[in-house]
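Everything on this sheet refers to the single structure shown next.
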Amino acid sequence: DANPLNLNQLLQPNNFIIPEYQRDYVWKEPQVKQIWNDIKDLYRRSTERDVIVNRPEGYFLGSMVAIDSSEQPNTLEIVDGQQRLTTLTCLVVVLLEQVNSRWVSELKATFRTLDPLVCITKSGKEYCRIKFPVAEINHFFENSTIRFRGAARRNFWETDPAAMALLSNSKSPASRLEACIKYFEQEVSLFLSKTKQKKKRIQSLSTLVSECLIFLLIRAKSTGTAHD
């Protein structure tokens, strides 16, 4: 079963579990930079004066292989694709922060589009759509994406003993996640600084990210068939 889905179609109906046998989040700046450059290139091809023209073409991010969880409804176990999905989640978090800090009353529709891509609410509490197998990393990721944002997140990184311990290892998944978020904070701010129509730019960029980044979701029946 294989279906092309944009980021909104992929994330909104599903939660994702990264199984223990998967490698940690390991992407460094070159990989993150490549996906950001591709998104900026898509933006340039799809907009005029920061407004999306016609129906923009999609950007294919490759296949994502997943298995339906037998224990949790609407949950997929990621076999392949977690590096890209985690990286894009970090980007969406940064876009959300820009919208929320500068245009929260004017771009409510944009906020409502982006927010469900990152988290889901259960019994009044927010949870990340992506769940890591190691409790410490999962806790770090939730705190870095939905519990704390902006200055509060930096304070968490710099003062929380558990976070500081994880970040003391430059090769840890936590350090890679921190670097990814910091990279997008810097690059999105720079991207917005290059136009006088910042609100239109963040709105159009958010639309392209949610609607025009395409995964081919392959739903396998087991880990054995996932690699066939």
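Atom set for the values below is all heavy atoms of this structure, side chains included, hydrogens, waters and symmetry mates excluded. All figures in this text were calculated on a predicted structure; none of them were measured in a lab.
Contact annotation: the side chain of L205 never approaches that of L192 to less than 4.5 Å [non-hydrogen atoms, C-beta and beyond]. A 4.5 Å side-chain heavy-atom check between T47 and R201 finds every atom pair outside the cut-off. At a threshold of 4.5 Å between non-hydrogen side-chain atoms, the residues L91 and I39 count as touching. Residues M64 and D80 are not in side-chain contact: their nearest non-hydrogen atoms beyond the backbone lie 4.5 Å or more apart. Residues S204 and Y43 form a side-chain contact, since some pair of their non-hydrogen atoms from C-beta on lies under 4.5 Å apart. At a threshold of 4.5 Å between non-hydrogen side-chain atoms, the residues W27 and Q34 do not count as touching. Using a 4.5 Å heavy-atom threshold, the side chains of S210 and L117 count as touching. With contacts defined as side-chain heavy-atom distances shorter than 4.5 Å, the pair Q82/F16 does not qualify.
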(request) Evaluate the side-chain contact (heavy atoms from CB on, under 4.5 Å) criterion for residues K28 and Q31: first the C-alpha distance (whole Å), next the side-chain angles of each, then the deciding distance (0.1 Å), finally the verdict. (result) CA-CA 6 Å; K28 300 179 182 178; Q31 293 96 336; 3.7 Å; yes
(message) As a quick check of understanding, evaluate side-chain contact (heavy atoms from CB on, under 4.5 Å) for L61 and L7, giving each step before the final call.
(response) CA-CA 10 Å; L61 286 167; L7 200 61; 5.7 Å; no
(request) Take L167 and F140 through the test side-chain contact (heavy atoms from CB on, under 4.5 Å) and record every step on the way to the result. (result) CA-CA 10 Å; L167 294 173; F140 177 87; 3.8 Å; yes
(request) Take N3 and Q9 through the side-chain contact (heavy atoms from CB on, under 4.5 Å) test and state the conclusion after the steps. (result) CA-CA 10 Å; N3 295 293; Q9 294 167 331; over 6 Å; no
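Crowding of K200 atom NZ: a count of heavy atoms from other residues, nucleotides or ligands under 6.0 Å not exceeding 12. K40 NZ: more than 12 foreign heavy atoms inside a 6.0 Å radius.
Looking only at distances, no side-chain donor or acceptor of K131 sits under 3.5 Å from a matching main-chain atom of C128. No donor-acceptor pair closer than 3.5 Å links the side chain of Q98 to the backbone N or O of L95. Side-chain atoms of T87 never come within 3.5 Å of backbone atoms of V32 as a donor-acceptor pair (strictly under, hydrogens ignored). T110 places no side-chain N or O within donor-acceptor distance of the main-chain N or O of Q203, the cut-off being under 3.5 Å. In this structure, Q22 contributes its side chain and P19 its backbone to no donor-acceptor pair below 3.5 Å. For S175 (side chain) and N169 (main-chain N/O), a donor-acceptor pair under 3.5 Å exists by modelled atom type. With hydrogens and angles disregarded, a donor-acceptor distance shorter than 3.5 Å links the side chain of R84 to the backbone of S63. E29 places no side-chain N or O within 3.5 Å of a backbone atom of Y183 that could act as its donor or acceptor partner. In terms of modelled atom types and a separation under 3.5 Å, the side chain of Q83 and the main chain of D24 share a donor-acceptor contact. Between the side chain of R129 and the backbone N or O of I120 there is no donor-acceptor pair closer than 3.5 Å.
Grouping the Ile, Leu, Val, Met, Phe, Trp and Tyr side chains by contacts below 4.5 angstrom, directly or via other members, places Y127 apart from I17. Linking ILVMFWY residues whenever their side-chain heavy atoms come closer than 4.5 Å, directly or via other members, places V65 and I214 in the same cluster. Transitive grouping of hydrophobic side chains (ILVMFWY, heavy atoms separated by less than 4.5 Å) keeps L190 and I181 in distinct clusters. No single ILVMFWY cluster, assembled from side-chain heavy atoms under 4.5 Å apart, contains both I67 and L10. By the criterion of side-chain heavy atoms lying less than 4.5 angstrom apart, applied directly or through intervening Ile, Leu, Val, Met, Phe, Trp or Tyr residues, V92 is grouped together with W103 in one hydrophobic cluster.
Between the CG atom of L5 and the CG atom of L213 there is a distance of 12.5 Å, given to the nearest 0.5 Å. Expressed to the nearest 0.5 Å, how far OG1 of T89 lies from CG of L11 amounts to 6.0 Å. Remark: I130 CD1 to C90 SG distance equals 8.0 Å, nearest 0.5 Å. Expressed to the nearest 0.5 Å, how far CG of D1 lies from CG of L217 amounts to 7.5 Å. Between the CD1 atom in I52 and the CG atom in L208 there is a gap of 4.0 Å [rounded to 0.5 Å]. To the nearest 0.5 Å, atoms OG1 (T75) and CG (N14) are separated by 7.5 Å.
R153 pairs with exactly one of E158, E185, E178 by the salt bridge (charged side-chain N to carboxylate O under 4.0 Å, His left out) rule, that one being E185. Just one residue in the list I146, V118, T145, T113 forms a side-chain contact (heavy atoms from CB on, under 4.5 Å) with L96, and that residue is V118.
Contact detail for N37 and R44: the closest heavy-atom pair is O-NH2, 4.5 Å. Smallest separation of non-hydrogen atoms from P116 and Q12: CB-OE1, 3.5 Å. Summarising the geometry of I202 relative to S206, their closest heavy-atom pair is O-OG, 2.7 Å, with the distance given to 0.1 Å. Taking each heavy atom of L216 and P4 in turn, the nearest pair found is CD1-N, 3.7 Å. Of all non-hydrogen atoms in P173 and I137, the two that sit nearest each other are CB-CD1, 4.1 Å. A pairwise comparison of heavy atoms in P13 and N74 identifies O-CB, 3.5 Å as the closest pair.
Note: F156 and H139 have perpendicular aromatic rings, judged against thresholds of 30 and 60 degrees for the angle between ring planes. Between F132 and F141, the ring planes are perpendicular. Angles over 60° get that label, and only those under 30° would be called parallel.
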